[in-house]
Amino acid sequence: MDLRVKPGPVEQEPADVLVLTHFEGEPALDDEAAVVDRRLNGAVRDLLKSREFQGTANQTVLLHTQGKLPAKRVLLVGLGKRKEAKLDAVRQAFGTAVKRIRQAGATTFVAPVPGRAAFVDASKVDLTQAMAEGAMLGGYQFTAYRTNGDDLKPLQRMTVIAPDGDARTSVTEGLRRGRASAEAAMYVRDLCNHPANVMTPSRIALEAKKLAKEHHVRVKILEQRDAEKLGMGAFLGVARGSHEPPKFIILEYRGQEAGARNGRGARPIVLVGKTITFDTGGISLKPAENMEQMKADMTGGAEVLATIRAASRLRLPLHVVGILPATENMPGGRAIKPGDILTTLSGLTVEVQNTDAEGRLILADGLNYATRFKPSAVIDVATLTGACMVALGQFAIGMFGNHDGLKARIQRAGLKTGERVWEMPLWEEYFEQLKSDVADMRNIGGRAGGMITAALFLSKFVGDCPWVHLDIASTDWSERERPYVSKGPTGIGTRLLLQYLIDESLESRGSRAR
Ligand code: BES
Ligand code: MN
Ligand code: ZN
């Protein structure tokens, strides 16, 4: 989709649809809406008066302009109550808008920046970023395997009206960031939507190699024999049951701005993503119901890949490393068995009591490898536990960490992106549940606090690096279509990681262009 900025005025802009947002229950119209209303002989006011349109969150009304405006239609979209509205209301409104626009068979739309005064802590950059994200993500479809072309036409253009030069600079930057973050999330959705017979560890490695064509990105793939030499016993243990060769993928992005706090040569931020391309459970086999969703058990890795690609495209002045231990978890003849003991890359030994707790095994080696970069921060993202789904449901990412500052930054990025995190305890008391009679620890901790014991397991492999763990099991997959979240793989976590990097880069540059 083409994203444009124009000086307006909005009522003179030709397009298939002119989109106006409105807060719930307010009789007064925004300046732009008031002008449009006058041109339409009071049609917008009439709808408000008759309460046919009230502005409740994601409510829409579509009007034909019958030649009274250069735009063929006006679409009213509700933002909900002003008091409760967050930046996410804008994202949702534009996600809803593009769905309605496409239903009408239209392909271009124009919109002013919504409810400016109302979003007190959001800048114009943030608002337009949210518009672009909503519009792009709301139109997402995965059609790679459909042979009948009955899908709706994709949108071609969104034009945002910014009257003065200053606003134009902000809107342009907002759209640039919005495009990058939406494209990253959609790339993740694509990777997760592809079935596991296509999206194998080798295919993920190929996707990583494509990244080497981006600016300042280097890619290194460790093959099985390389991993053996290094002693990645936990990663290789999980891979044993599969015929697909495992790939341990390392990406490195070096933003070029010299002198930046996190520029060339500085301690990197390392992102580690769980990359299980299919999780059968291994010998501790999963039940058949919903097992197909385990093709998305590589979401964490996909998010790391997409985030680094976006960081490079935005030319963020940062040094970022991505680590993707990629393998299937299969119950083959050479698969690990309950009771097997693995020696991890760190030297710690693990008794595998359940082969379905494989994510923490591959991450143990991924995290230990991460510490070798002497990182300023390590963030891992993983579809790690069903217990996360039980504890937090659809709307919160489980967050753990050993560093208050890093946790606070991730939390802030979560609020901004609408991909919110909720902190869980990482108390040592829980380690009792991970004790083994025969090894340094075991890989399961029983039913109680399952998300916590998994995180505590990971904590034993990060040394004293500042570290945050994000459990995205359950937020990674949606049972239903939402305004800008697709049914199936959601890519949730990607915009969060990217926003964290954007915020870091702004800080390292000083207070420029917030
Ligand atoms: N990939 C799963 C976790 C998961 C479950 C993600 C459902 C998304 C939806 C993970 O590898 C797993 O199987 N975890 C086990 C751990 C248990 C054996 C300790 C679980 O949560 O059941
Ligand atoms: Mn599993
Ligand atoms: Zn898994």
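Remember, it's a predicted structure, so these values are computed and weren't measured experimentally.
- Looking at S202 and T200, their side chains never bring a donor and an acceptor atom within 3.5 Å of each other.
- Environment of CZ in R100: crowded, with over 12 heavy atoms of neighbouring residues, nucleotides or ligands closer than 6.0 Å.
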When you look at E223 and I221, which way does the side chain to side chain contact (heavy atoms under 4.5 Å, CB included) test go after all the steps?
CA-CA 6 Å; E223 304 293 337; I221 315 264; 3.9 Å; yes
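- Between K124 and D126, no side-chain nitrogen of the basic residue sits less than 4.0 Å from a carboxylate oxygen of the acidic one, so the salt-bridge criterion is not met.
- Distance alone, capped at 3.5 Å, is enough to place a donor-acceptor pair between the R179 side chain and the M1 backbone.
- Atom CD1 of residue I397 and atom OG of residue S474 lie 9.0 Å apart, to the nearest 0.5 angstrom.
- Atom CG of D2 is surrounded by more than 12 heavy atoms from other residues, nucleotides or ligands within 6.0 Å.
- With no hydrogens or angles considered, a side-chain donor-acceptor pair links R315 and H215 at under 3.5 Å.
- Within the 4.5 Å cutoff, the side chain of I269 has no heavy atoms near those of the V321 side chain.
- Looking at heavy atoms from C-beta onward, V110 lies out of side-chain contact with V19 at the 4.5 angstrom threshold.
- Of the N and O atoms on the side chains of H319 and E252, at least one donor lies less than 3.5 Å from an acceptor on the other residue.
- For the side-chain hydrogen bond (donor to acceptor under 3.5 Å, both in side chains) test, residues two or more places apart in sequence or in another chain that qualify with R203 are E207.
- With a 6.0 Å cutoff to the six-membered ring centre and a 45° limit on the axis angle, R309 counts as a cation-pi contact of Y187.
- No donor-acceptor pair closer than 3.5 Å links the side chain of N443 to the backbone N or O of R360.
- Once rounded to the nearest 0.5 Å, the distance linking CG of L137 with CZ of R482 reads 12.5 Å.
- Contact between G139 and V98 at its shortest, heavy atoms only, is N-CG2, 3.7 Å.
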Evaluate the criterion side chain to side chain contact (heavy atoms under 4.5 Å, CB included) for residue pair L191 and M298; output intermediate values, then yes/no.
CA-CA 9 Å; L191 293 177; M298 33 56 76; 3.9 Å; yes
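- One distance of note links CG of L324 with OG1 of T277; it measures 11.5 Å at 0.5 Å rounding.
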Begin from the C-alpha positions of F278 and M291 and carry the test side chain to side chain contact (heavy atoms under 4.5 Å, CB included) through to its verdict.
CA-CA 9 Å; F278 196 81; M291 205 209 273; 3.7 Å; yes
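- Here OG1 of T275 is found 13.5 Å from NZ of K247. Values are rounded to the nearest 0.5 Å.
- Ion pairing between a basic and an acidic side chain is recognised when a charged N comes within 4.0 Å of a carboxylate O; R409 and E507 show such pairing.
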For salt bridge (charged side-chain N to carboxylate O under 4.0 Å, His left out), just list the numbers for R225 and E228, CA-CA rounded to whole Å, side-chain angles, deciding distance to a tenth of an Å, and then say yes or no.
CA-CA 5 Å; R225 57 185 179 280; E228 277 164 6; over 6 Å; no
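- Taking 4.5 Å as the limit, some side-chain heavy atom of T344 sits within range of a side-chain heavy atom of F461.
- When side chains are defined from C-beta on, I410 counts as touching I379, because their heavy atoms get closer than 4.5 Å.
- Atom CG of D166 sits in a sparse spot, with 12 or fewer heavy atoms from other residues, nucleotides or ligands closer than 6.0 Å.
- T108 and Q156 share no side-chain donor-acceptor pair at under 3.5 Å.
- Counting heavy atoms from C-beta outward, P163 and P7 have side chains that stay 4.5 Å or more apart.
- For the 3.5 Å distance criterion, the side chains of Q141 and R102 qualify, holding a donor opposite an acceptor.
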Candidate pair L271 and V381, rule side chain to side chain contact (heavy atoms under 4.5 Å, CB included), full reasoning:
CA-CA 8 Å; L271 308 176; V381 54; over 6 Å; no
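- Between E481 and K99, at least one side-chain N (NZ, or NE/NH1/NH2) sits under 4.0 Å from a carboxylate O, which counts as a salt bridge.
- Here the side chains of L384 and M451 are not in contact, with every heavy-atom distance at 4.5 Å or above.
- Among all heavy-atom pairs drawn from P246 and T327, the shortest one is CB-CB, 4.1 Å.
- Defined by atom type and a distance below 3.5 Å, a donor-acceptor pair is present between the side-chain atoms of Q499 and Q129.
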Could you give me the CA-CA distance, side-chain angles and deciding distance for D279 and K295, then say whether salt bridge (charged side-chain N to carboxylate O under 4.0 Å, His left out) is met?
CA-CA 7 Å; D279 184 8; K295 69 177 181 177; over 6 Å; no
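- Judged by distance alone, with hydrogens and angles left aside, the side-chain atoms of D164 form a donor-acceptor pair with the main-chain N or O of A167 at under 3.5 Å.
- Across all non-hydrogen atoms, the minimal contact from P325 to G273 is CD-O, 3.3 Å.
- In this structure, F142 and Y145 have tilted ring planes: the angle between them lies in the 30° to 60° band.
- Once rounded to the nearest 0.5 Å, the distance linking OG of S486 with CZ of R189 reads 3.5 Å.
- Salt bridge annotation for K6-E13: present, with a cationic side-chain nitrogen under 4.0 angstrom from a carboxylate oxygen.
- A donor-acceptor contact closer than 3.5 angstrom links the side chains of T96 and N58.
- Side-chain polar atoms of N329 and T280 form no donor-acceptor pair below 3.5 angstrom.
- Minimum interatomic distance between M131 and P114 (heavy atoms only, all atoms of both residues): SD-CD, 3.6 Å.
- Proximity of a side-chain donor or acceptor of T490 to a complementary backbone N or O of D476 within less than 3.5 Å is detected.
- Using a 4.5 Å cut-off on side-chain heavy atoms (C-beta onward), T494 and L496 make no contact.
- A distance of 10.5 Å separates OH of Y253 from CD of E214, quoted to the nearest 0.5 Å.
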Verify side chain to side chain donor-acceptor pair (under 3.5 Å) between T383 and D297, making sure each step is shown before the conclusion.
CA-CA 6 Å; T383 47; D297 212 20; 2.4 Å; yes
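- K274 and E358 are joined by a salt bridge, as a carboxylate oxygen and a charged side-chain nitrogen come within less than 4.0 angstrom of each other.
- The backbone N or O of D190 lies less than 3.5 Å from a partner atom in the side chain of Y140, making a donor-acceptor pair.
- Using a 4.5 Å heavy-atom cutoff, the side chains of L18 and L75 are not in contact.
- Between I502 and L316, the shortest heavy-atom contact is N-CD1, 4.0 Å.
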Considering only distance and modelled atom types, tabulate donor-acceptor pairs under 3.5 Å from the side chains of residues 231-244, sequence neighbours left out.
| from | atom 1 | to | atom 2 | distance (Å) |
| --- | --- | --- | --- | --- |
| R240 | NE | R334 | O | 3.0 |
| S242 | OG | E244 | N | 2.9 |
| S242 | OG | E328 | OE1 | 2.7 |

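- At distances below 3.5 Å, not a single donor-acceptor pair connects side-chain atoms of S181 with backbone N or O atoms of R495.
- Of the possible polar contacts, one joining the T307 side chain to the E303 backbone as a donor-acceptor pair under 3.5 Å is found.
- Closest approach of A413 to Y500, counting heavy atoms only: CB-N, 3.8 Å.
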